[in-house]
Amino acid sequence: MPQASPPRPFLSLILGGARSGKSRTAEARITSLPPPWIYLATSEPRDDEMAARIAQHRDRRGEGWITREEPIDIVAVMDDAPPGVPMLIDCLTLWLTNVMLAEYDVSGECDRLITRLEANDRPVVIVSNEVGLGIVPDNALARAFRDQAGLINQRVAAVADEVIMVAAGLPLKLK
Amino acid sequence: MPQASPPRPFLSLILGGARSGKSRTAEARITSLPPPWIYLATSEPRDDEMAARIAQHRDRRGEGWITREEPIDIVAVMDDAPPGVPMLIDCLTLWLTNVMLAEYDVSGECDRLITRLEANDRPVVIVSNEVGLGIVPDNALARAFRDQAGLINQRVAAVADEVIMVAAGLPLKLK
Amino acid sequence: MPQASPPRPFLSLILGGARSGKSRTAEARITSLPPPWIYLATSEPRDDEMAARIAQHRDRRGEGWITREEPIDIVAVMDDAPPGVPMLIDCLTLWLTNVMLAEYDVSGECDRLITRLEANDRPVVIVSNEVGLGIVPDNALARAFRDQAGLINQRVAAVADEVIMVAAGLPLKLK
(Lines give C-alpha, C1' and ligand atoms only; values in the text may rest on other atoms or scores of the structure.)
Protein backbone atom coordinates (compact mmCIF):
# COMPACT_ATOMS: atom_id res chain seq x y z
CA MET A 1 0.00 0.00 0.00
CA PRO A 2 1.52 3.33 -1.00
CA GLN A 3 2.31 5.66 1.85
CA ALA A 4 1.47 9.35 1.84
CA SER A 5 4.64 11.42 1.59
CA PRO A 6 5.31 13.39 4.77
CA PRO A 7 4.45 17.10 4.62
CA ARG A 8 7.31 19.33 3.54
CA PRO A 9 8.93 21.03 6.54
CA PHE A 10 8.12 24.64 7.27
CA LEU A 11 9.71 27.38 5.13
CA SER A 12 9.54 30.95 6.41
CA LEU A 13 10.75 34.19 4.80
CA ILE A 14 11.45 37.16 7.08
CA LEU A 15 11.67 40.44 5.15
CA GLY A 16 12.69 43.83 6.50
CA GLY A 17 14.81 46.91 6.17
CA ALA A 18 18.15 47.72 7.77
CA ARG A 19 18.02 47.35 11.56
CA SER A 20 14.38 46.41 11.47
CA GLY A 21 14.80 43.50 13.89
CA LYS A 22 14.47 40.87 11.15
CA SER A 23 17.39 38.68 12.34
CA ARG A 24 16.03 38.67 15.88
CA THR A 25 12.57 37.77 14.61
CA ALA A 26 14.03 34.94 12.51
CA GLU A 27 16.04 33.60 15.46
CA ALA A 28 12.92 33.55 17.62
CA ARG A 29 11.11 31.57 14.89
CA ILE A 30 13.88 28.94 14.76
CA THR A 31 14.49 28.65 18.50
CA SER A 32 10.82 27.90 19.08
CA LEU A 33 11.86 24.47 17.74
CA PRO A 34 14.06 22.10 19.81
CA PRO A 35 17.86 22.57 19.39
CA PRO A 36 20.30 22.22 17.75
CA TRP A 37 19.85 24.86 15.06
CA ILE A 38 22.12 25.63 12.13
CA TYR A 39 23.01 29.25 11.52
CA LEU A 40 24.07 29.68 7.89
CA ALA A 41 25.88 33.02 7.61
CA THR A 42 26.25 34.32 4.07
CA SER A 43 28.27 37.34 5.13
CA GLU A 44 31.96 37.70 4.59
CA PRO A 45 33.80 40.13 6.87
CA ARG A 46 35.08 42.33 4.05
CA ASP A 47 35.88 45.25 6.35
CA ASP A 48 36.00 46.16 10.06
CA GLU A 49 32.45 47.52 10.02
CA MET A 50 31.08 44.23 8.73
CA ALA A 51 33.32 42.14 11.02
CA ALA A 52 31.98 44.06 14.02
CA ARG A 53 28.40 43.45 12.95
CA ILE A 54 28.98 39.72 12.42
CA ALA A 55 30.60 39.43 15.86
CA GLN A 56 27.68 41.28 17.43
CA HIS A 57 25.15 38.93 15.82
CA ARG A 58 27.17 35.88 16.95
CA ASP A 59 27.35 37.15 20.54
CA ARG A 60 23.58 37.55 20.63
CA ARG A 61 23.02 33.93 19.71
CA GLY A 62 23.69 31.56 22.61
CA GLU A 63 24.02 27.81 23.14
CA GLY A 64 22.54 25.31 20.72
CA TRP A 65 23.72 26.90 17.51
CA ILE A 66 25.92 25.27 14.85
CA THR A 67 27.45 28.00 12.66
CA ARG A 68 28.15 27.51 8.95
CA GLU A 69 29.71 30.28 6.89
CA GLU A 70 29.21 30.17 3.14
CA PRO A 71 28.96 33.28 0.96
CA ILE A 72 27.72 31.62 -2.25
CA ASP A 73 27.02 27.89 -2.32
CA ILE A 74 24.26 27.73 0.28
CA VAL A 75 22.63 24.86 -1.60
CA ALA A 76 25.70 22.71 -0.84
CA VAL A 77 25.45 23.60 2.85
CA MET A 78 21.78 22.58 2.81
CA ASP A 79 22.75 19.29 1.12
CA ASP A 80 25.56 18.51 3.57
CA ALA A 81 23.94 19.51 6.88
CA PRO A 82 22.45 16.76 9.11
CA PRO A 83 18.86 16.19 7.93
CA GLY A 84 15.95 17.55 9.89
CA VAL A 85 17.97 20.12 11.84
CA PRO A 86 16.32 23.56 11.55
CA MET A 87 18.33 26.11 9.60
CA LEU A 88 18.39 29.90 9.65
CA ILE A 89 19.82 31.47 6.48
CA ASP A 90 20.97 35.05 7.18
CA CYS A 91 20.72 36.60 4.70
CA LEU A 92 19.52 36.18 1.13
CA THR A 93 20.45 39.75 0.13
CA LEU A 94 24.10 39.32 1.08
CA TRP A 95 24.10 35.96 -0.73
CA LEU A 96 22.84 37.72 -3.86
CA THR A 97 25.51 40.41 -3.45
CA ASN A 98 28.19 37.71 -3.22
CA VAL A 99 26.83 35.86 -6.28
CA MET A 100 26.81 39.08 -8.32
CA LEU A 101 30.27 40.24 -7.16
CA ALA A 102 31.74 36.82 -8.02
CA GLU A 103 30.09 37.15 -11.45
CA TYR A 104 28.28 33.84 -11.17
CA ASP A 105 25.18 33.22 -13.29
CA VAL A 106 22.60 34.99 -11.08
CA SER A 107 19.58 33.54 -12.78
CA GLY A 108 21.00 30.00 -12.65
CA GLU A 109 21.95 30.29 -8.98
CA CYS A 110 18.47 31.60 -8.14
CA ASP A 111 16.85 28.69 -10.00
CA ARG A 112 19.09 26.27 -8.11
CA LEU A 113 18.16 27.76 -4.75
CA ILE A 114 14.42 27.70 -5.49
CA THR A 115 14.61 24.06 -6.66
CA ARG A 116 16.42 23.16 -3.42
CA LEU A 117 13.85 25.00 -1.30
CA GLU A 118 11.00 23.22 -3.09
CA ALA A 119 12.61 19.91 -2.03
CA ASN A 120 13.26 21.25 1.45
CA ASP A 121 13.86 18.54 4.08
CA ARG A 122 14.17 20.63 7.24
CA PRO A 123 12.51 23.69 8.81
CA VAL A 124 14.14 26.73 7.20
CA VAL A 125 13.85 30.40 8.04
CA ILE A 126 15.35 32.82 5.51
CA VAL A 127 16.17 36.44 6.29
CA SER A 128 16.10 38.93 3.42
CA ASN A 129 16.22 42.69 2.95
CA GLU A 130 13.60 44.76 1.22
CA VAL A 131 15.69 47.28 -0.75
CA GLY A 132 13.26 48.59 -3.36
CA LEU A 133 11.36 51.29 -1.46
CA GLY A 134 13.75 54.21 -1.91
CA ILE A 135 14.54 56.53 -4.79
CA VAL A 136 15.85 54.82 -7.98
CA PRO A 137 19.64 54.53 -7.53
CA ASP A 138 21.95 56.56 -9.79
CA ASN A 139 24.12 53.72 -10.99
CA ALA A 140 23.12 50.79 -13.18
CA LEU A 141 24.73 48.14 -10.96
CA ALA A 142 22.67 49.22 -7.94
CA ARG A 143 19.53 49.19 -10.10
CA ALA A 144 20.34 45.69 -11.38
CA PHE A 145 20.97 44.51 -7.83
CA ARG A 146 17.70 46.04 -6.64
CA ASP A 147 15.83 44.26 -9.43
CA GLN A 148 17.42 40.88 -8.67
CA ALA A 149 16.81 41.33 -4.94
CA GLY A 150 13.14 42.03 -5.57
CA LEU A 151 12.82 39.05 -7.92
CA ILE A 152 14.42 36.52 -5.57
CA ASN A 153 12.26 37.80 -2.70
CA GLN A 154 9.18 37.22 -4.86
CA ARG A 155 10.32 33.73 -5.83
CA VAL A 156 11.15 32.62 -2.29
CA ALA A 157 7.87 34.16 -1.04
CA ALA A 158 5.99 32.12 -3.65
CA VAL A 159 7.33 28.80 -2.29
CA ALA A 160 7.33 29.83 1.39
CA ASP A 161 4.68 28.73 3.86
CA GLU A 162 4.97 32.00 5.74
CA VAL A 163 6.20 35.49 4.84
CA ILE A 164 6.65 38.12 7.53
CA MET A 165 7.61 41.77 7.06
CA VAL A 166 9.38 43.26 10.09
CA ALA A 167 9.34 47.00 10.90
CA ALA A 168 10.61 48.54 14.15
CA GLY A 169 10.98 45.01 15.51
CA LEU A 170 7.30 44.23 14.94
CA PRO A 171 6.05 41.46 12.62
CA LEU A 172 3.48 41.97 9.89
CA LYS A 173 2.20 38.76 8.32
CA LEU A 174 2.07 38.88 4.51
CA LYS A 175 1.46 35.14 4.00
CA MET B 1 -38.99 60.98 -11.02
CA PRO B 2 -35.27 61.54 -10.51
CA GLN B 3 -33.05 58.53 -10.97
CA ALA B 4 -30.20 57.63 -8.62
CA SER B 5 -26.86 58.14 -10.34
CA PRO B 6 -25.05 54.84 -10.94
CA PRO B 7 -22.22 54.04 -8.51
CA ARG B 8 -18.79 55.29 -9.64
CA PRO B 9 -16.76 52.45 -11.11
CA PHE B 10 -14.04 50.85 -9.02
CA LEU B 11 -10.72 52.71 -8.53
CA SER B 12 -7.77 50.74 -7.17
CA LEU B 13 -4.25 51.92 -6.27
CA ILE B 14 -1.47 49.32 -6.18
CA LEU B 15 1.64 50.56 -4.34
CA GLY B 16 4.98 48.83 -4.08
CA GLY B 17 8.72 49.01 -4.41
CA ALA B 18 10.93 48.06 -7.33
CA ARG B 19 10.29 44.50 -8.49
CA SER B 20 7.72 43.95 -5.79
CA GLY B 21 5.22 42.31 -8.13
CA LYS B 22 2.94 45.36 -8.24
CA SER B 23 2.37 45.30 -12.03
CA ARG B 24 1.47 41.62 -11.92
CA THR B 25 -0.91 42.26 -9.01
CA ALA B 26 -2.53 45.13 -10.90
CA GLU B 27 -2.93 43.02 -14.06
CA ALA B 28 -4.63 40.27 -12.07
CA ARG B 29 -7.05 42.87 -10.63
CA ILE B 30 -7.99 44.12 -14.11
CA THR B 31 -8.20 40.74 -15.84
CA SER B 32 -10.67 39.53 -13.22
CA LEU B 33 -13.07 41.72 -15.26
CA PRO B 34 -14.20 40.67 -18.79
CA PRO B 35 -11.91 41.82 -21.69
CA PRO B 36 -10.95 43.98 -23.43
CA TRP B 37 -8.68 45.93 -21.10
CA ILE B 38 -6.70 49.09 -21.82
CA TYR B 39 -3.07 49.15 -20.78
CA LEU B 40 -1.94 52.76 -20.46
CA ALA B 41 1.86 52.77 -20.39
CA THR B 42 3.42 55.99 -19.12
CA SER B 43 6.96 54.82 -19.78
CA GLU B 44 9.10 56.10 -22.61
CA PRO B 45 11.94 53.85 -23.71
CA ARG B 46 14.69 56.41 -23.02
CA ASP B 47 17.47 53.80 -23.04
CA ASP B 48 18.05 50.11 -23.75
CA GLU B 49 17.52 49.12 -20.14
CA MET B 50 14.08 50.68 -20.10
CA ALA B 51 13.18 49.38 -23.57
CA ALA B 52 14.01 45.85 -22.43
CA ARG B 53 11.81 46.21 -19.38
CA ILE B 54 8.88 47.57 -21.40
CA ALA B 55 9.17 44.69 -23.88
CA GLN B 56 9.27 42.20 -21.03
CA HIS B 57 6.10 43.63 -19.49
CA ARG B 58 4.36 43.60 -22.89
CA ASP B 59 5.29 39.95 -23.49
CA ARG B 60 3.83 38.96 -20.16
CA ARG B 61 0.46 40.43 -21.04
CA GLY B 62 -1.45 38.27 -23.51
CA GLU B 63 -4.62 38.55 -25.60
CA GLY B 64 -7.33 41.03 -24.79
CA TRP B 65 -5.18 44.05 -24.14
CA ILE B 66 -5.36 47.38 -25.99
CA THR B 67 -2.11 49.30 -25.42
CA ARG B 68 -1.95 53.08 -25.19
CA GLU B 69 1.39 54.84 -24.66
CA GLU B 70 1.30 58.34 -23.22
CA PRO B 71 4.02 59.76 -21.00
CA ILE B 72 2.20 62.89 -19.78
CA ASP B 73 -1.40 63.51 -20.84
CA ILE B 74 -3.04 60.47 -19.32
CA VAL B 75 -6.22 62.47 -18.67
CA ALA B 76 -6.65 62.84 -22.46
CA VAL B 77 -6.25 59.08 -22.91
CA MET B 78 -8.92 58.50 -20.25
CA ASP B 79 -11.21 60.98 -22.04
CA ASP B 80 -10.68 59.41 -25.48
CA ALA B 81 -10.82 55.69 -24.61
CA PRO B 82 -14.07 53.77 -25.21
CA PRO B 83 -16.25 54.23 -22.11
CA GLY B 84 -16.59 51.44 -19.59
CA VAL B 85 -13.51 49.53 -20.71
CA PRO B 86 -11.29 48.78 -17.67
CA MET B 87 -7.95 50.58 -17.68
CA LEU B 88 -4.62 49.80 -16.06
CA ILE B 89 -2.35 52.84 -15.64
CA ASP B 90 1.27 51.73 -15.21
CA CYS B 91 2.68 53.75 -13.61
CA LEU B 92 1.98 56.96 -11.74
CA THR B 93 5.60 57.43 -10.65
CA LEU B 94 6.92 57.41 -14.21
CA TRP B 95 4.12 59.78 -15.20
CA LEU B 96 5.25 62.16 -12.44
CA THR B 97 8.87 61.83 -13.62
CA ASN B 98 7.79 62.73 -17.17
CA VAL B 99 5.73 65.72 -15.97
CA MET B 100 8.66 67.02 -13.94
CA LEU B 101 11.27 66.44 -16.67
CA ALA B 102 9.06 68.25 -19.20
CA GLU B 103 8.79 71.12 -16.67
CA TYR B 104 5.00 71.10 -16.69
CA ASP B 105 3.11 72.55 -13.73
CA VAL B 106 3.25 69.54 -11.41
CA SER B 107 0.64 70.79 -9.00
CA GLY B 108 -1.78 71.66 -11.83
CA GLU B 109 -1.31 68.30 -13.54
CA CYS B 110 -1.90 66.48 -10.25
CA ASP B 111 -5.11 68.47 -9.65
CA ARG B 112 -6.27 67.64 -13.19
CA LEU B 113 -5.64 63.94 -12.67
CA ILE B 114 -7.45 63.83 -9.33
CA THR B 115 -10.44 65.69 -10.78
CA ARG B 116 -10.59 63.18 -13.64
CA LEU B 117 -10.36 60.22 -11.26
CA GLU B 118 -13.18 61.65 -9.14
CA ALA B 119 -15.35 61.64 -12.28
CA ASN B 120 -14.11 58.21 -13.23
CA ASP B 121 -16.36 56.35 -15.69
CA ARG B 122 -14.59 53.01 -15.95
CA PRO B 123 -12.84 50.55 -13.60
CA VAL B 124 -9.28 51.84 -13.17
CA VAL B 125 -6.27 50.24 -11.51
CA ILE B 126 -3.26 52.53 -10.98
CA VAL B 127 0.24 51.24 -10.25
CA SER B 128 2.57 53.48 -8.27
CA ASN B 129 5.95 53.23 -6.56
CA GLU B 130 6.58 53.90 -2.92
CA VAL B 131 9.93 55.75 -2.99
CA GLY B 132 10.09 57.45 0.40
CA LEU B 133 11.40 54.68 2.65
CA GLY B 134 15.12 55.06 2.06
CA ILE B 135 17.74 57.54 3.27
CA VAL B 136 17.09 61.20 2.31
CA PRO B 137 18.63 61.65 -1.17
CA ASP B 138 21.68 63.91 -1.56
CA ASN B 139 20.32 66.11 -4.32
CA ALA B 140 17.43 68.56 -4.16
CA LEU B 141 15.74 67.31 -7.35
CA ALA B 142 15.50 63.76 -5.98
CA ARG B 143 14.10 65.14 -2.73
CA ALA B 144 11.52 67.23 -4.61
CA PHE B 145 10.54 64.20 -6.68
CA ARG B 146 10.23 62.04 -3.57
CA ASP B 147 7.96 64.65 -1.99
CA GLN B 148 5.73 64.94 -5.06
CA ALA B 149 5.56 61.15 -5.41
CA GLY B 150 4.45 60.82 -1.80
CA LEU B 151 1.86 63.56 -2.19
CA ILE B 152 0.26 62.18 -5.36
CA ASN B 153 0.13 58.71 -3.77
CA GLN B 154 -1.72 60.22 -0.80
CA ARG B 155 -4.14 62.08 -3.05
CA VAL B 156 -4.95 59.09 -5.27
CA ALA B 157 -5.28 56.88 -2.17
CA ALA B 158 -7.80 59.36 -0.74
CA VAL B 159 -10.13 59.00 -3.74
CA ALA B 160 -9.48 55.28 -4.35
CA ASP B 161 -11.89 52.56 -3.30
CA GLU B 162 -9.02 50.19 -2.63
CA VAL B 163 -5.32 50.63 -1.84
CA ILE B 164 -2.99 47.64 -1.81
CA MET B 165 0.71 47.60 -0.86
CA VAL B 166 2.65 44.78 -2.56
CA ALA B 167 5.82 43.27 -1.09
CA ALA B 168 7.56 40.16 -2.41
CA GLY B 169 4.56 39.62 -4.69
CA LEU B 170 2.14 39.52 -1.77
CA PRO B 171 -0.71 42.00 -1.27
CA LEU B 172 -1.33 43.94 1.92
CA LYS B 173 -4.63 45.79 2.02
CA LEU B 174 -4.32 49.38 3.27
CA LYS B 175 -7.85 50.45 2.28
CA MET C 1 -3.91 50.74 52.32
CA PRO C 2 -1.61 50.98 49.29
CA GLN C 3 -3.11 52.54 46.20
CA ALA C 4 -2.68 51.13 42.72
CA SER C 5 -0.50 53.42 40.63
CA PRO C 6 -2.44 55.05 37.79
CA PRO C 7 -1.93 53.52 34.34
CA ARG C 8 0.88 55.10 32.34
CA PRO C 9 -0.51 57.51 29.74
CA PHE C 10 -0.73 56.42 26.15
CA LEU C 11 2.45 56.32 24.03
CA SER C 12 2.07 56.03 20.25
CA LEU C 13 4.73 55.72 17.54
CA ILE C 14 3.81 56.77 14.00
CA LEU C 15 6.25 55.45 11.41
CA GLY C 16 6.34 56.27 7.73
CA GLY C 17 8.33 57.36 4.72
CA ALA C 18 8.77 60.82 3.26
CA ARG C 19 5.43 62.49 2.55
CA SER C 20 3.52 59.46 3.70
CA GLY C 21 1.05 61.48 5.76
CA LYS C 22 2.62 60.49 9.09
CA SER C 23 2.54 64.01 10.64
CA ARG C 24 -1.12 64.41 9.72
CA THR C 25 -1.90 60.99 11.17
CA ALA C 26 -0.05 61.88 14.38
CA GLU C 27 -1.86 65.22 14.68
CA ALA C 28 -5.21 63.48 14.31
CA ARG C 29 -4.21 61.07 17.12
CA ILE C 30 -3.34 63.95 19.48
CA THR C 31 -6.28 66.21 18.64
CA SER C 32 -8.72 63.40 19.45
CA LEU C 33 -7.82 64.39 23.05
CA PRO C 34 -9.02 67.71 24.55
CA PRO C 35 -6.74 70.75 23.95
CA PRO C 36 -4.25 72.21 24.60
CA TRP C 37 -1.62 70.11 22.88
CA ILE C 38 2.14 70.62 22.83
CA TYR C 39 3.88 70.41 19.47
CA LEU C 40 7.56 69.63 20.03
CA ALA C 41 9.39 70.40 16.80
CA THR C 42 12.87 68.89 16.54
CA SER C 43 13.60 70.53 13.21
CA GLU C 44 15.92 73.47 12.79
CA PRO C 45 15.43 75.60 9.69
CA ARG C 46 18.94 75.01 8.30
CA ASP C 47 18.00 76.16 4.80
CA ASP C 48 15.12 77.71 2.88
CA GLU C 49 13.73 74.33 1.83
CA MET C 50 13.44 73.22 5.43
CA ALA C 51 12.13 76.61 6.61
CA ALA C 52 9.36 76.38 4.01
CA ARG C 53 8.41 72.91 5.15
CA ILE C 54 8.31 73.93 8.83
CA ALA C 55 6.13 76.94 8.01
CA GLN C 56 3.78 74.72 5.99
CA HIS C 57 3.40 72.26 8.88
CA ARG C 58 2.76 75.15 11.33
CA ASP C 59 0.09 76.65 9.06
CA ARG C 60 -1.73 73.33 8.90
CA ARG C 61 -2.01 73.15 12.68
CA GLY C 62 -4.66 75.50 14.03
CA GLU C 63 -5.79 76.76 17.44
CA GLY C 64 -5.01 74.90 20.63
CA TRP C 65 -1.35 74.16 19.96
CA ILE C 66 1.60 75.23 22.12
CA THR C 67 4.78 75.04 20.06
CA ARG C 68 8.16 74.10 21.54
CA GLU C 69 11.26 73.97 19.35
CA GLU C 70 14.18 71.90 20.57
CA PRO C 71 16.58 70.09 18.26
CA ILE C 72 18.34 67.90 20.85
CA ASP C 73 17.24 68.00 24.47
CA ILE C 74 13.67 66.77 24.07
CA VAL C 75 13.85 65.08 27.48
CA ALA C 76 14.23 68.52 29.09
CA VAL C 77 11.17 69.78 27.20
CA MET C 78 9.19 66.76 28.45
CA ASP C 79 10.37 67.49 32.00
CA ASP C 80 9.48 71.20 31.84
CA ALA C 81 6.12 71.07 30.06
CA PRO C 82 2.91 71.30 32.13
CA PRO C 83 2.05 67.76 33.29
CA GLY C 84 -0.72 65.82 31.61
CA VAL C 85 -0.83 67.95 28.46
CA PRO C 86 -0.63 65.70 25.37
CA MET C 87 2.56 66.08 23.36
CA LEU C 88 3.37 65.41 19.72
CA ILE C 89 7.10 64.93 19.04
CA ASP C 90 7.85 65.54 15.33
CA CYS C 91 10.17 63.90 14.58
CA LEU C 92 12.52 61.34 16.09
CA THR C 93 14.59 61.00 12.91
CA LEU C 94 15.46 64.69 12.79
CA TRP C 95 16.25 64.56 16.52
CA LEU C 96 18.68 61.71 15.82
CA THR C 97 20.21 63.69 12.95
CA ASN C 98 20.72 66.66 15.28
CA VAL C 99 22.26 64.49 18.02
CA MET C 100 24.68 62.92 15.52
CA LEU C 101 25.62 66.23 13.84
CA ALA C 102 26.30 67.80 17.24
CA GLU C 103 28.50 64.77 18.03
CA TYR C 104 26.66 63.96 21.24
CA ASP C 105 26.81 60.43 22.65
CA VAL C 106 24.09 58.82 20.52
CA SER C 107 23.75 55.71 22.62
CA GLY C 108 23.56 57.70 25.86
CA GLU C 109 20.96 60.11 24.46
CA CYS C 110 18.86 57.19 23.20
CA ASP C 111 19.02 55.52 26.63
CA ARG C 112 17.97 58.80 28.26
CA LEU C 113 15.00 59.18 25.92
CA ILE C 114 13.80 55.61 26.45
CA THR C 115 14.08 55.97 30.24
CA ARG C 116 12.02 59.17 30.05
CA LEU C 117 9.38 57.52 27.87
CA GLU C 118 9.12 54.60 30.27
CA ALA C 119 8.28 57.13 33.02
CA ASN C 120 5.95 58.99 30.69
CA ASP C 121 3.40 61.21 32.50
CA ARG C 122 1.34 62.49 29.56
CA PRO C 123 -0.12 61.12 26.31
CA VAL C 124 2.70 61.23 23.75
CA VAL C 125 2.65 60.63 20.01
CA ILE C 126 6.06 60.33 18.33
CA VAL C 127 6.59 60.65 14.58
CA SER C 128 9.53 58.83 13.04
CA ASN C 129 10.81 57.99 9.59
CA GLU C 130 11.46 54.51 8.29
CA VAL C 131 14.69 54.96 6.31
CA GLY C 132 16.04 51.42 5.95
CA LEU C 133 14.09 50.09 2.96
CA GLY C 134 16.26 51.38 0.13
CA ILE C 135 19.61 50.33 -1.31
CA VAL C 136 22.55 50.38 1.14
CA PRO C 137 23.95 53.95 1.03
CA ASP C 138 27.41 54.55 -0.41
CA ASN C 139 28.86 56.46 2.49
CA ALA C 140 29.59 55.19 5.99
CA LEU C 141 27.91 58.12 7.77
CA ALA C 142 24.60 57.47 6.02
CA ARG C 143 24.89 53.76 6.89
CA ALA C 144 25.59 54.59 10.54
CA PHE C 145 22.63 56.95 10.61
CA ARG C 146 20.38 54.33 9.03
CA ASP C 147 21.44 51.82 11.67
CA GLN C 148 20.84 54.21 14.56
CA ALA C 149 17.47 55.26 13.11
CA GLY C 150 16.39 51.62 12.87
CA LEU C 151 17.57 50.88 16.41
CA ILE C 152 15.81 53.84 18.05
CA ASN C 153 12.60 52.98 16.15
CA GLN C 154 12.82 49.43 17.55
CA ARG C 155 13.43 50.69 21.07
CA VAL C 156 10.59 53.22 21.05
CA ALA C 157 8.29 50.62 19.46
CA ALA C 158 9.14 48.20 22.29
CA VAL C 159 7.90 50.64 24.97
CA ALA C 160 5.02 52.09 22.92
CA ASP C 161 1.40 51.08 23.45
CA GLU C 162 0.65 51.53 19.77
CA VAL C 163 2.79 51.51 16.60
CA ILE C 164 1.30 52.59 13.29
CA MET C 165 2.97 52.50 9.87
CA VAL C 166 1.58 55.10 7.45
CA ALA C 167 1.70 54.69 3.66
CA ALA C 168 -0.09 56.95 1.18
CA GLY C 169 -1.84 58.57 4.12
CA LEU C 170 -3.32 55.27 5.29
CA PRO C 171 -2.56 53.68 8.68
CA LEU C 172 -1.39 50.11 9.16
CA LYS C 173 -1.37 48.94 12.75
CA LEU C 174 1.82 47.09 13.74
CA LYS C 175 1.12 47.06 17.50
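Convention: sequence-line order gives letters A, B, ...; per-chain numbering from 1. Keep in mind the model is a prediction, meaning the values are calculated, not measured.
- Across C/G17, C/A158, C/G150, the residue that shares the most heavy-atom pairs under 4.5 angstrom with chain A is C/G150.
- When all heavy atoms of A/A168 and C/A157 are compared, the closest pair comes out as O-CB, 3.4 Å.
- In terms of heavy-atom pairs under 4.5 Å with chain C, the best-connected choice from A/S20, A/A149, A/A142, A/P171 is A/S20.
- C/L15 touches chain A through its side chain: at least one heavy atom from C-beta onward sits under 4.5 Å away, while N, CA, C and O do not.
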Problem set entry | side chain to side chain contact (heavy atoms under 4.5 Å, CB included) between C/L174 and A/L172, worked out | CA-CA 7 Å; C/L174 295 178; A/L172 188 67; 3.8 Å; yes

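- When all heavy atoms are compared, the tightest approach of C/Q154 to A/G169 is CG-N, 3.7 Å.
- Your options are A/G16, A/G132, A/G134, A/A18, and the one with the most heavy-atom pairs under 4.5 Å with chain C is A/A18.
- Considering all non-hydrogen atoms of both residues, A/P137 and C/I135 come closest at CG-CG1, 3.9 Å.
- More than 12 heavy atoms of other residues, nucleotides or ligands shown are found within 6.0 angstrom of CZ on A/R122.
- Distance CZ/A/R19 to CG/C/D147: 4.0 Å, rounded to 0.5 Å.
- Atom CG of A/D105 is surrounded by more than 12 heavy atoms from other residues, nucleotides or ligands within 6.0 Å.
- With a threshold of 4.5 angstrom between heavy atoms, C/R143 approaches chain A through side-chain atoms but not through N, CA, C or O.
- Within 6.0 Å of atom CG in C/D138, 12 or fewer heavy atoms from other residues, nucleotides or ligands are found, so the atom counts as exposed in its surroundings.
- Dense packing is recorded around CZ of A/R155, with more than 12 heavy atoms of other residues, nucleotides or ligands lying under 6.0 Å away.
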